[in-house]
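Note that ligands are numbered from 1 as they come in the structure, with each ligand's atoms numbered from 1 the same way. These numbers were taken from a predicted model, which means no experiment stands behind them. The residues of the chain are indexed from 1 along the displayed sequence.
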Amino acid sequence: MADLAAAHGIDPAKYTKGIGQERMAVPAPDEDIVTMAANAVAPLLSDVVRDAVSTVIFATESGIDQSKSAGLFVHGVLGLNPNCRVVEFKQACYGATAGIQFACDLVRQHPTEKVLIIASDIARYERGSEGECTQGAGAVAMVISANPRLIEIHPQSGLFSVDVMDFWRPNHRSAALVEGKLSIDVYLRSLTEAWADFRRKGGLPLDAVDKLCFHQPFTKMAKKAFAALAEAAGPEAAHLGEASYADSQVYGRLIGNTYSASLYVGLCSLLDNCAEDLGGRHIGLFSYGSGSVGEFFTATVRSSYRRYLRAEAHKAMIEARQRLDDETYAAWFYDVPKQVEDRALPQEAAGRFRLAAVEDQRRVYEEAIPEAQLVPLQAVA
Ligand code: HMG
């Protein structure tokens with residue numbers, strides 16, 4: 001972020017302190033929402049999960065096709081169970097939460113089935129715009145099952161939707177348009193309205209909640225969210241302070257906005273980085289997608305959650321990224337998305353899966369690691 005500030009002649013403290021971001025993830029030209037998603041899903045695929053997945057829900061607002069679900073590319077790349085449904089969900093940063101709620105109901109109805117939720121996005125604004133410092137990229141994969149390993153989602157949730165132009169991206173654009181200050185106001189209003197709806201519906205009072213996780217486009221936003229919620233909740237939130245959400249900010253500060261994945265990057269950050277044992281404790285989560293939909297819900301952390309964390313792998317992945325100079329960043333992040341012609345892509349991605357080429361307007365993915373055994377997966381299929 002300091003390099004970006006220097007390139008734009010801005011005081012770096014505006015980004016690092018004012019916005020609260022230290023680094024920003026930029027995808028290589030041979031990475032996209034599918035490769036990020038496949039890399040996120042692969043470690044979860046035990047044979048049991050593979051066979052029991054009845055539904056794949058891919059949440060994104062950085063879609064690569066107007067017709068075909070990005071989930072089908074992931075299904076193909078990873079060889080998932082053919083006897084399942086695959087669908088893409090879109091509502092800005094909120095899509096994965098809708099997916100999770102639908103998945104919970106599916107699993108309640110069919111307890112032997114599992115639902116794979118994928119949230120994968122690239123957050124891109126105009127070069128030089130106020131939003132640029134909040135960009136990022138990443139994916140989260142989650143398995144929803146009747147016997148969860150990490151958290152148990154409670155049935156109550158509070159909702160608030162309103163038709164507003166705070167942030168949007170018409171089909172012909174690769175970068176979002178945003179009314180920044182309006183987006184912050186709508187986010188905060190959605191939070192307090194969704195939380196009030198949650199309480200009216202009998203949701204847990206905040207004095208029973210130990211940790212909070214907010215949709216986090218940049219870490220300062222979580223601070224603003226906490227202040228608004230604490231004010232709305234009054235004495236119910238008296239025991240909660242910065243420590244209730246600080247651990248959920250560790251990864252986001254280094255990655256940036258990941259749109260539909262942001263809230264769940266925050267949840268992962270909380271579970272991975274919290275020194276206290278969170279087993280049996282309640283978490284409040286707020287999901288927000290511009291346009292706009294807000295949802296407040298709660299969950300209980302399972303007592304054996306620590307056995308299933310992948311904290312070391314997550315940290316190693318974040319640290320393995322390479323610093324980009326301004327010229328490379330501009331080329332990769334702004335020029336590459338404009339390319340529509342067929343092309344072969346040189347290997348830059350460090351993940352297991354990458355986009356190898358676009359041939360006859362078809363995207364060709366391959367398994368790039370181990371590098372010595374590059375196998376085009378389409379050929380294998
Ligand atoms: P801006 O207008 O350039 O920033 O854009 P600012 O002037 O408001 O400054 C930001 C903060 O930095 C302020 O602190 C300044 O005081 C401080 P605050 O008052 O907010 O606490 N500051 C400094 N601090 C230290 N040293 C300095 C210094 N200078 C200033 N030298 C804005 C900020 C967030 C509007 C812009 O980045 C933007 O448009 N971002 C994109 C939109 C966004 O993230 N909105 C958030 C809510 S909407 C949402 O979360 C949905 C979303 O994820 C999309 C989706 O749903 O798909 C975005």
* With sequence neighbours left out, what residues match Arg149 under salt bridge (Lys or Arg N to Asp or Glu O under 4.0 Å)? -> none
* Which of parallel (below 30°), tilted (30 to 60°) and perpendicular (above 60°) describes His215 and Tyr288? -> tilted
* Residue among Trp195, Tyr187, Phe297, Tyr94 satisfying ring-ring contact (aromatic ring centres under 6.0 Å, His included) with Phe286 -> Tyr187
Report every pair formed by an N or O atom of ligand 1 and a protein N or O atom separated by less than 3.5 Å, giving atom names and the distance to 0.1 Å.
| unit_1 | atom_1 | unit_2 | atom_2 | d |
| --- | --- | --- | --- | --- |
| ligand 1 | 2 (O) | Lys181 | NZ | 2.5 |
| ligand 1 | 3 (O) | Lys14 | NZ | 2.6 |
| ligand 1 | 4 (O) | Lys14 | NZ | 3.4 |
| ligand 1 | 8 (O) | Lys181 | NZ | 2.9 |
| ligand 1 | 14 (O) | Lys220 | NZ | 3.3 |
| ligand 1 | 20 (O) | Lys224 | NZ | 2.4 |
| ligand 1 | 21 (O) | Lys220 | NZ | 2.7 |
| ligand 1 | 31 (N) | Asp11 | OD2 | 2.9 |
| ligand 1 | 37 (O) | Glu130 | O | 2.8 |
| ligand 1 | 45 (N) | Ser183 | OG | 2.8 |
| ligand 1 | 50 (O) | His215 | NE2 | 3.2 |
| ligand 1 | 53 (O) | His215 | NE2 | 2.9 |
| ligand 1 | 53 (O) | Asn257 | ND2 | 3.0 |
| ligand 1 | 56 (O) | Cys93 | N | 3.2 |
| ligand 1 | 56 (O) | Ser290 | N | 2.8 |
| ligand 1 | 57 (O) | Glu61 | OE1 | 3.3 |
| ligand 1 | 57 (O) | Glu61 | OE2 | 2.4 |
| ligand 1 | 57 (O) | Cys93 | N | 3.2 |

* N-O pairing of Asp11 and Lys14 below 4.0 Å -> no
* Residues two or more places apart in sequence or in another chain: which of them pass ring-ring contact (aromatic ring centres under 6.0 Å, His included) with His8? -> none
Name each donor-acceptor pair under 3.5 Å that joins a side chain in residues 45-52 to protein atoms two or more places apart or in another chain, with its distance.
| unit_1 | atom_1 | unit_2 | atom_2 | d |
| --- | --- | --- | --- | --- |
| Ser46 | OG | Val49 | N | 3.2 |
| Arg50 | NH1 | Leu78 | O | 2.7 |
| Arg50 | NH1 | Gly79 | O | 3.2 |

